[in-house]
Enquirer: 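Below are the structure tokens for one structure; questions will follow.
Quick note: residue numbers are just sequence positions, from 1. Quick caveat, the model's predicted, so the values are computed rather than measured. Computed over heavy atoms, backbone and side chain alike; hydrogens, waters and symmetry mates excluded.
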Amino acid sequence: MNAHRDWGRLLSNIPLPEQTLAGIAVGVVLQRLMPLRLGGPHFLVRTIGAASLAAGGAIVSWALLAARNTRLSRPDALLTAGPYAHSRNPMYVGWALAHLGIGLLRDDLWMVAALPVASVAVHRGVLGEEAILAASFPVKFSQYRLSVPRYVPRLRRGWRAGRPLHPRR
């Protein structure tokens, strides 16, 4: 029974961004109606697509594991460990990489073209989520926001994996 509850909590923490799902769906529909291929070396496009999909899946999985004891829809604590020490929104980054990977693997220009539109829509939602976190954890979120980038980790000299990033002084 406990294992069932743990899986339920873990699965409820998977935010499937509707914007990303809509971008993938629009890509599939448009590709069926008016096929447009990406072009370029087919093997290279598929290899990059597979790598992007794998990286996205790994990031989402890592973020889920880091959030396994927190309800993401209503957190009682600010997540700052694991991938959250490098990106404030690792799951969204992972979903975007997966979206790109699927489009590249399918050789689907429409799906790849939908990614920037979906990403802008996801970003608008992230701004709302951050406003809620700022209100819920005013001091901690302010410090976190200053030390961890919203999406893409900063790579600097002296940076070591597993340690949170700190702002320049």
Side-chain angles (χ1 to χ4, degrees), residues 10-68 70-75 78-80 82-137 141-142 144-156 165:
L10 184 65
L11 292 174
S12 72
N13 264 353
I14 303 175
L16 292 170
E18 294 87 8
Q19 305 89 332
T20 300
L21 295 175
I24 291 171
V26 166
V28 168
V29 169
L30 288 174
Q31 188 69 10
R32 291 209 182 256
L33 296 174
M34 189 175 20
L36 289 177
R37 301 289 172 209
L38 292 163
H42 190 66
F43 176 76
L44 181 61
V45 169
R46 293 187 129 231
T47 301
I48 294 169
S52 180
L53 182 58
I59 291 169
V60 169
S61 298
W62 187 24
L64 280 171
L65 287 174
R68 69 184 170 272
T70 302
R71 178 189 276 164
L72 292 177
S73 61
R74 283 200 230 155
L78 194 59
L79 279 174
T80 60
Y84 294 93
H86 309 288
S87 167
R88 295 194 313 259
N89 297 283
M91 280 198 214
Y92 293 129
V93 171
W95 288 119
L97 285 170
H99 181 159
L100 175 64
I102 293 167
L104 293 174
L105 283 169
R106 289 177 41 89
D107 194 19
D108 184 336
L109 182 62
W110 289 113
M111 192 177 299
V112 173
L115 177 59
V117 176
S119 295
V120 167
V122 167
H123 176 70
R124 291 180 65 183
V126 165
L127 296 178
E129 289 175 6
E130 288 188 346
I132 292 168
L133 291 173
S136 300
F137 312 101
F141 185 74
S142 178
Y144 180 60
R145 186 180 58 78
L146 290 173
S147 62
V148 177
R150 184 175 281 139
Y151 299 112
V152 181
R154 295 180 203 113
L155 295 179
R156 292 190 243 146
L165 301 174

Enquirer: Please report the interatomic distance CG(Leu30) to CG(Leu109), rounded to the nearest 0.5 Å.
Expert: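 Reported value, rounded in 0.5 Å steps: 10.5 Å.
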Enquirer: Taking the side chain as C-beta and beyond, is there a heavy-atom pair between Arg88 and Arg145 under 4.5 Å?
Expert: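 Arg88 vs Arg145: side chains touch.
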Enquirer: With side chains defined as the heavy atoms from C-beta onward, is the minimum distance between Leu21 and Trp95 less than 4.5 Å?
Expert: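 SC-SC contact between Leu21 and Trp95 ruled out.
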Enquirer: Out of curiosity, Leu100 CG to Leu105 CG, how far, rounded to the nearest 0.5 Å?
Expert: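 Going from the CG atom of Leu100 to the CG atom of Leu105 covers 9.5 Å.
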Enquirer: Are the side chain of Ser52 and the backbone of Leu97 linked by a donor-acceptor contact shorter than 3.5 Å?
Expert: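 Yes.
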Enquirer: When rounded to the nearest 0.5 angstrom, what distance separates CG in Leu78 from OG1 in Thr70?
Expert: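 If we round to the nearest 0.5 Å, Leu78:CG and Thr70:OG1 are 9.5 Å apart.
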Enquirer: Does a donor on one side chain and an acceptor on the other come within less than 3.5 Å for Tyr92 and Gln19?
Expert: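 No pair is found: no donor N or O on one side chain lies under 3.5 Å from an acceptor on the other.
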Enquirer: Taking atom CE of Met91 and atom OG1 of Thr20, what is their separation to the nearest 0.5 Å?
Expert: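 It comes to 13.0 Å.
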Enquirer: Using every non-hydrogen atom in the two residues, find where Pro153 and Pro149 come nearest and quote the distance to one decimal.
Expert: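 Looking at all heavy atoms of both residues, the shortest contact is CA-CG, 3.8 Å.
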Enquirer: What are the two closest non-hydrogen atoms of Val93 and Tyr151, and how far apart are they?
Expert: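 Shortest heavy-atom separation between Val93 and Tyr151 comes out as CG2-O, 3.5 Å.
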Enquirer: Under 4.5 Å between any side-chain heavy atoms of Tyr84 and Tyr144, yes or no?
Expert: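 Tyr84 reaches Tyr144 side chain to side chain.
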Enquirer: Any side-chain heavy atom of Leu38 sitting closer than 4.5 Å to one from Leu104?
Expert: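 When only atoms from C-beta onward are counted, Leu104 and Leu38 do touch, with a gap below 4.5 Å.
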Enquirer: Which heavy atom in Met111 sits nearest to a heavy atom in His99, and how many Å separate them?
Expert: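 Where Met111 meets His99 most closely, the heavy atoms are O-NE2, 3.0 Å.
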Enquirer: Would you confirm whether Trp110, through its side chain, and Met34, through its main-chain N or O, come within 3.5 Å as a donor-acceptor pair?
Expert: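 Yes: the side chain of Trp110 pairs with the backbone of Met34.
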Enquirer: When you measure from the side chain of Ser61 to the backbone N and O of Gly57, does any donor-acceptor pair fall under 3.5 Å?
Expert: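 Between the backbone of Gly57 and the side chain of Ser61 there is a qualifying donor-acceptor contact (under 3.5 Å).
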Enquirer: Are the side chains of Val148 and Thr80 in contact, using a 4.5 Å heavy-atom criterion?
Expert: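 A side-chain contact is absent here, since even the closest heavy-atom pair is not under 4.5 Å.
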Enquirer: How about Val60 and Pro90: do any of their side-chain heavy atoms sit closer than 4.5 Å?
Expert: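 No. Closest side-chain heavy atoms not under 4.5 Å.
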Enquirer: Quick check against the 3.5 Å criterion: does Arg68 have a side-chain atom that pairs as donor or acceptor with the backbone of Leu65?
Expert: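 Answer holds: yes.
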Enquirer: Between Gln31 and Leu36 (side chain of the first, backbone of the second, donor and acceptor by atom type, cut-off under 3.5 Å), is there such a pair?
Expert: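 Yes, Gln31 side chain to Leu36 backbone: donor-acceptor pair under 3.5 Å.
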Enquirer: Could you report the tightest heavy-atom contact between Arg150 and Ser87, atom names first, then the distance?
Expert: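 It is O-OG, 3.5 Å.
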Enquirer: Within the structure provided, determine whether His42 and Asp107 are in side-chain contact (heavy-atom separation under 4.5 Å).
Expert: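 His42 reaches Asp107 side chain to side chain.
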